[in-house]
A.B. asks: 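Would you mind keeping the following structure in view while I ask a few things?
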Number of protein chains: 2
Amino acid sequence: MEYTITKFAKLAGVSSRTLRYYDEIGILKPARINSSGYRIYGPEQVNQLQQILFYRELGMELEKIRNIITSPTFDPAEALSEHRTKLLAKRTKLNKMIASVDQSLAAAEGRITMSDNEKFEAFKQKLVDDNEEKFGEEAREKYGDETVDKSNQKVLGMSEEKYAEVNRIEMEMKEALSKGMAIGDPASEPAQKAADLHRKWLTYFWDKYTKEAHAGVAQMYVDDERFTAYYDHQQPGTAEFLRDAVHIYTGMNS
Amino acid sequence: MEYTITKFAKLAGVSSRTLRYYDEIGILKPARINSSGYRIYGPEQVNQLQQILFYRELGMELEKIRNIITSPTFDPAEALSEHRTKLLAKRTKLNKMIASVDQSLAAAEGRITMSDNEKFEAFKQKLVDDNEEKFGEEAREKYGDETVDKSNQKVLGMSEEKYAEVNRIEMEMKEALSKGMAIGDPASEPAQKAADLHRKWLTYFWDKYTKEAHAGVAQMYVDDERFTAYYDHQQPGTAEFLRDAVHIYTGMNS
DNA sequence: TATACACCTTGACGTAACGTAAAGGTAAAG
DNA sequence: CTTTACCTTTACGTTACGTCAAGGTGTATA
């Protein structure tokens, strides 16, 4: 079972150049060199190449692959785990890029009016940034790429009238919320009305509504200080109160 | 408002080498060259560099950026949309890599017994492959990265006893299902028992159960011919019947 | 005014993992 | 013996710069 370089390459589905390169960088040496200087590969090389290709498939650099397969003290699991972290970071970066592309596509296609209302622009910018930078990673983990992508697109595609509606609803919600807080009971009618308005408000950004996600967001208002600060601006404890109201509203308080 | 190269670079947050390179490849020429051969940049260059950096942030190649910003006939929206497709493809590829890494990590950490039961291995392999290749992209879009990642890990971490349980439950489900089909009513007791067993079966793969997702999977059995073929193997119409039963079971049939 | 020091120039090598010639030796077939 | 197929090494091209190196320029200070 000995092969010259092209036979070996075809067997493994790589190019002969690749094999010469692997020889050059010392990651895969041929079994021997014959009298004419030809590289001769054997079954042992078949196995080793399989290994190399396996790690290569995972997007790992040849340098690291060499570490794994040559150094006996090297821990493959650790290397893999480290590699996994890298891949996750890449994915996060890609997600951000995609969100940005969606954003500028929306602008390019004229779905959003390029300014004339700066607040409006800033508002959308902020929403998308929030979506991505602040809790984009977590949200994508929990709700999925499509959900977050669509949410971004929905925001970016929003007209100024819609924007006005959103603003009105948010104001109504805050009003109901402060009434509820005056009563002090998140199960009270104004508090539940606030929770319902909050649901309405969310549907402007979300593609589909679920109680679980609603409750999750409400919890986040408490957990993430940036949101807490936003809601507690007028009155401390508002974020927490809203969360309680929403948890009752969604029935996720048990 | 004229700048020598380093001032301009600092203003824009790039290196002077970058600016020389951009000059070299003709993507951003200085406004003029002074008597000593120094590159002098003006406000026009500031704007153009902003543009370049914007597209660069999106991961676009400088060559394409040049096309966009120099050629007047070039459609930026089309280029962006094409770029978006590329990014999505990259993300899919990354997702697959991560799944593979998880898989081999499971093997490396000994969570799965390396062989001695070939069927078992093949079974897990198949499940993971299903998860990824068949509807991995869709599932990730719908349920999120974390959900699918965890599902894969759960399968790979499964012991042989668990595997036996899973198999038993699936058989029980199929039995109940055929009884239900004999009756012909997806609301009948055996059919509902099948739906319940199906839920149990799913929890072996899913990190968390929701009615919506359960109903979604059942629908997929009908929509995706590969699954339809699997369920209809014994008796045609089984996939559809199971879907109906699950939709009743989850209350998603209204 | 001499000099130190900051800033500019072009040229060129290095990076990762090969693809792609080019120039020349070898094996097998006709 | 020639053609053809296959092998060898050498070396440039790819992307977007980082990093010297060698040498010219501008300005503040001793």
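Values below: all heavy atoms of this structure, side chains included; hydrogens, waters and symmetry mates excluded. Below, read A as the first sequence line, B as the second, and so on, with proteins coming before strands; counting in each chain starts at 1.
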A.B. asks: Does the side chain of B:Gln45 reach to within under 4.5 Å of the side chain of B:Leu19, using non-hydrogen atoms?
C.D. replies: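 No, every pair of side-chain atoms sits at 4.5 Å or beyond.
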A.B. asks: Check whether more than 12 heavy atoms from other residues, nucleotides or ligands sit under 6.0 Å from atom CD of B:Glu2, and answer yes or no.
C.D. replies: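 Yes, the 6.0 Å shell around CD holds more than 12 heavy atoms from other groups.
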A.B. asks: If you restrict it to nitrogen or oxygen atoms, what contacts under 3.5 Å exist between nucleotides 3-6 of chain C and the protein, and what is each distance?
C.D. replies:
none

A.B. asks: Do A:Phe8 and A:Leu49 make a side-chain contact, defined as non-hydrogen atoms from C-beta onward lying under 4.5 Å apart?
C.D. replies: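 Yes, their side chains come closer than 4.5 Å.
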A.B. asks: Find the distance A:Ile5:CD1 to C:dC18:C1' and express it as a whole number of Å.
C.D. replies: 13 Å
A.B. asks: Show every salt bridge (Lys or Arg N to Asp or Glu O under 4.0 Å) that has at least one partner inside residues 5-18 of chain B, sequence neighbours left out.
C.D. replies: none
A.B. asks: Using a 4.5 Å cut-off on heavy atoms from C-beta on, say whether the side chain of B:Leu11 contacts that of B:Tyr41.
C.D. replies: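 No; the side chains remain at least 4.5 Å from each other.
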A.B. asks: Say you draw a straight line from CG of A:Leu58 to CZ of A:Arg84; how long is it, rounded to the nearest 0.5 Å?
C.D. replies: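 Spacing of CG (A:Leu58) from CZ (A:Arg84) equals 12.5 Å.
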A.B. asks: Let's see if you get this right: which residues in residues 31-40 of chain B place a heavy atom under 4.0 Å from DNA chain C?
C.D. replies: B:Gly37, B:Tyr38, B:Arg39
A.B. asks: Under a 4.5 Å cut-off applied to non-hydrogen side-chain atoms, are B:Arg39 and B:Thr4 in contact?
C.D. replies: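 No, their side chains stay 4.5 Å or more apart.
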A.B. asks: Side-chain contact test, heavy atoms from C-beta onward, threshold under 4.5 Å: evaluate it for B:His83 versus A:Met97 and give yes or no.
C.D. replies: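 Contact flag for B:His83/A:Met97 side chains = no.
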A.B. asks: Under 4.0 Å from OP1 or OP2 of D:dC6: is there any side-chain N or O of A:Thr4 that close?
C.D. replies: no
A.B. asks: Give the residues of residues 41-69 of chain A touching DNA chain C, defined as any heavy atom closer than 4.0 Å, sorted by residue number.
C.D. replies: A:Arg56, A:Glu61, A:Leu62
A.B. asks: Would you jot down, in residue-number order, the residues of residues 16-29 of chain A having a non-hydrogen atom under 4.0 Å from DNA chain C?
C.D. replies: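 Per residue number, the list reads A:Arg17, A:Thr18, A:Tyr21, A:Tyr22.
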A.B. asks: C:dC7 phosphate, OP1 or OP2: any side-chain N/O from B:Thr6 under 4.0 angstrom?
C.D. replies: no
A.B. asks: Calculate the interatomic distance between B:Glu2 atom CD and D:dG26 atom P; express it in whole Å.
C.D. replies: 15 Å
A.B. asks: For atom CD of A:Gln50, decide whether the heavy atoms of other residues, nucleotides or ligands shown that lie under 6.0 angstrom number more than 12.
C.D. replies: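 Yes, because the 6.0 Å sphere around CD of A:Gln50 holds more than 12 heavy atoms from other groups.
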A.B. asks: Is the phosphate of C:dG19, meaning OP1 or OP2, less than 4.0 Å from a side-chain N or O of A:Ser15?
C.D. replies: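 Checking A:Ser15 against C:dG19: at least one side-chain N or O falls below 4.0 Å of OP1 or OP2.
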A.B. asks: Using side-chain heavy atoms (C-beta onward) and a distance below 4.5 Å, is B:Pro76 in contact with B:Tyr55?
C.D. replies: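 Answer yes - side chains close enough.
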A.B. asks: Flag the pair A:Lys90 / B:Lys90 as yes when at least one side-chain heavy-atom distance between them is below 4.5 Å, and no otherwise.
C.D. replies: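 The answer is no, as the side chains (C-beta and beyond) never meet within the 4.5 Å cut-off.
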A.B. asks: Taking side chain as C-beta onward, heavy atoms only, is B:Leu28 less than 4.5 Å from B:Ile69?
C.D. replies: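 A side-chain contact under 4.5 Å is absent here.
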A.B. asks: Quick one: list whatever passes side chain to side chain contact (heavy atoms under 4.5 Å, CB included) with A:Glu82, sequence neighbours left out.
C.D. replies: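 Testing A:Glu82 for side chain to side chain contact (heavy atoms under 4.5 Å, CB included), a comparison that skips the adjacent residues, returns A:Lys64.
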